[in-house]
Amino acid sequence: MTSFTPYTYFQCPCTESSLPTHRLSDSSPPAENESSDDERTFDPRAPRANYSLYPLEHLFYCEDCHQIRCPRCVLDEIVTWYCPNCLFEVPSSTVKAEGNRCTRSCFQCPICIAPLSVSSVEAPPSGLGAEIATQSGPFVLNCGYCSWSSKEIGIQFEKPNGIFGQLAKVKNGGGPILTAKERRKDREDRKRDFSGSSVSEIREETPEIDVPREPLDPNEKLDAESQFSNLRAFYQSQLADASPVSALGFTGDYGYGSPGALSRIMGLYTGSTAFDKKAKSKSGAMREARDALEGLQITPSSDEEALVKLHAEGWHTTSSCSQRAEFPNSQAQFIDDLRPVAYLLRTKRSKRCKTCRHILSKPESKVQTTRFRIRLVALNYIPSISLKPLSPPTSSSSSSSLLQPMRPVQFLLTFKNPLFDSVKVTLATPTKTPGRFASKVTVLCPQFEVGANTDAWEEALRENGSRSSTSEKRRTKADFLEGQHQAEAGKVWERGRNWVSVVVEVVPASLSFQGPEFLKTEERRQGEGDKEVREDEDVLEIPVFVRVEWEADSAHDEAGGLGASKEKEGKEKRELAYWCVLGVGRIARD
Amino acid sequence: MSKKPVKGEYIETDTGNKVSRRSQIIGTTNIILGGKTVIQAEVIIRGDLLRTYTSSNPGEKQGNPVAVAIGRYCFFSRGCELRPPGKLYKGQFSHYPLKIADHVFIGPGSIIEAALIGSHVNIGANCVVGKFAIIKDYVRILDGTVVPPNMVIPSFSIVAGRPGRVVGEIAEGEVDGMDLREVYREVRN
Ligand SMILES: [Zn+2]
Ligand SMILES: [Zn+2]
Ligand SMILES: [Zn+2]
Ligand SMILES: [Zn+2]
């Protein structure tokens, strides 16, 4: 059996449409709330609940809206881009120009994603003077986790730095990759040879390089980049041919953005104007790409190749789904089609309230610092809730850590106040937990006050007085063992400077589908059809509605700007209400 | 934490370190403890794996060589092992120092061969941190993770898997909870 750690999740109000605030105003113990109100109970098992429950640590608090904010109701703003491997900052202009990957020498293994390191192929120099000798190339990228090496795909480097630039020029197997400019030149040269006519007037003036050109093959296999550039060139020429005059507003480029083109496109739908006629006659002249020179790739040939390869080398040479996902633009079907993956950049982000746009969190922009300029986390504003069994574990753990069905257990709920004002806390729980297996829940003391937090005190207590708090605890424990300290309705169990513990009594439901009819809830009778305990249905979760009220120094948030309705003596009333879910434990199956 | 350790489990040093009598600390003269650090039973710290590669830097003073440097408020759980990483460099094999900053928690059974672990780092149970890994501040490594050699883990990362990868970010509110002073105070003889 896996162990279970009790948890508390808070619901962000941004997803809650119906807060049953009225139910709490009458301050009646939750036991008196009848089932007519139960439909308003927050159901932690509802499919949508997953998206609104967070640990307290993940929540913010907006000082202007006086409200909890979760990751779904904040806006992220990028402060800094950086490489997670070399930790160099990348200016956002570079990100726009060169993409969101590190362009230094940071690569991940295409097989296992572990970082690759550069090493020399040559044996390290040894003997006299080895220390001052520098490593000479060629260099390869090695994986320290699965021992993959770029040698396996026939890639080596001349220098140990600037790997990104070097890799961009080498195909798998060692052949050169042409840059966009080189490709265009190459294509036009080939076209000229092919058609026999000169198009040199369009060509850019680049010095001739005597590259031995392969004979033109209309079925040539192209890589993704050259296919794209061939296609692009083909369609550009088609568009240029289709509109030799600028009457339709076409320019040399795609020209879709021009008003003329737009009206032509609109004309297709409305079927009117003179443009229509013209356009129709023109569109007849357009054709699709015919061969590799125009960017057409017929897949069956490569499929046949793949089949032959599969036959010869087997399945283990094919790449996995996740490996292939790193190369969306090429069909990296085989392991030797994979290439080292440049690290994706990571960001530091600040967060704003979606409602009022005030900043909730702002990190220092430098990559190496971990400080925050602003950090308004809910942890510093709303009481934390912790849960533990009331009885010492020695007496109950003998059987198991599971909750025994139909046997009452008591838990201690501890509220700790982070505010420098004392707060009044009101709790409400449904008498029965929602779901097919309804456990009974009773909070023995649903209303109490929690003292203020004080920094100076805290330090003093920590340094020398920690003994007193432990003795205090020991006394109550002793009382408990003697049976004198009984959990009493309406009374706080234990109280500290800025914390209060109250007792919750739970009668866990039975997970069996047999049992007397009167014990079954409506939901359970309906769900009778499927008699399996679903995943995590045995976890006892208690929805708790928490309302916190306090009087804040309005001077406190003068810096924060506008506050709520200000009252006399610089105090103002504050109130915050939200749902929580307590994960208590797993119920034993009988 | 179910069984209370027998009386006198820990030896407390002048700087408040609590070192279990049942831990194995080898090469103590090459180990620096910043203070208020807890070392539980069966923990192995290999201070004997010293750097043998002679540094060409003449400015380096010839004091006591350091193999493992540990900051304040660190917690080494039962059965974890700290080993300075080693590699072949210019034809010579040598170990290099393992440096650990403050508030670092290492779970039971984990093996650490990192070059550097920053402050407020939480490493779970049965992890392997590969040779020369660099872990920056505020990082959580989940149970059973294998951090590959030479990996750099930036601040505010949550790492899991074999090999380890960044699976999430530490939330702004989690930062305070990574302080280990409270954990230290709760350790009693
Ligand atoms: Zn929200
Ligand atoms: Zn990088
Ligand atoms: Zn690998
Ligand atoms: Zn706001």
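Letters A, B, ... mirror the listed sequences (proteins, then strands); counts begin at 1.
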Given side-chain contact (heavy atoms from CB on, under 4.5 Å), test E172(B) with K351(A) step by step and report yes or no.
CA-CA 10 Å; E172(B) 281 83 343; K351(A) 287 165 190 165; 3.2 Å; yes

Do H103(B) and F105(B) have ring centroids that are under 6.0 Å from one another?
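Here the rings of H103(B) and F105(B) have centres that are no less than 6.0 Å from each other.
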
Per-residue contact mode, [X] against chain A (heavy atom under 4.5 angstrom):
X: F156(B); result: both
X: S119(B); result: neither
X: V166(B); result: side chain

Just so I understand: if I count every heavy-atom pair under 4.5 Å between each of [options] and chain B, which residue has the most?
options: L56(A), T370(A), V377(A), N85(A); value: T370(A)
options: I113(A), N380(A), L379(A), L360(A); value: I113(A)
options: H58(A), R346(A), K348(A); value: R346(A)

Please check: side-chain N/O of T347(A) versus main-chain N/O of R349(A), any donor-acceptor pairing under 3.5 Å?
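Not at all, since once roles are kept as given, no pair shorter than 3.5 Å links the two residues.
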
Pair count under 4.5 Å, heavy atoms only, with chain A: among H120(B), K131(B), R162(B), highest is R162(B)

Chain A contacts, top residue of P163(B), P148(B), S157(B) (heavy-atom pairs, under 4.5 Å)
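Among the listed options, the one with the most contacts to chain A is P163(B).
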
State whether a side-chain donor-acceptor pair under 3.5 Å links Q40(B) with S20(B).
no

E174(B) and Y138(B): side-chain donor and acceptor closer than 3.5 Å?
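The answer is no; no qualifying pair exists.
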
Write down the atom of I68(A), the atom of C12(A), and the distance for their closest heavy-atom approach.
O-SG, 3.9 Å

With only heavy atoms counted, which part of Q368(A) is less than 4.5 Å from chain B, the side chain, the backbone, both or neither?
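When you check distances to chain B, only side chain atoms of Q368(A) fall under 4.5 Å.
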
Please confirm whether R72(A) makes a cation-pi placement over Y51(A), using NZ or CZ under 6.0 Å from the six-membered ring centre and within 45° of the ring normal.
no

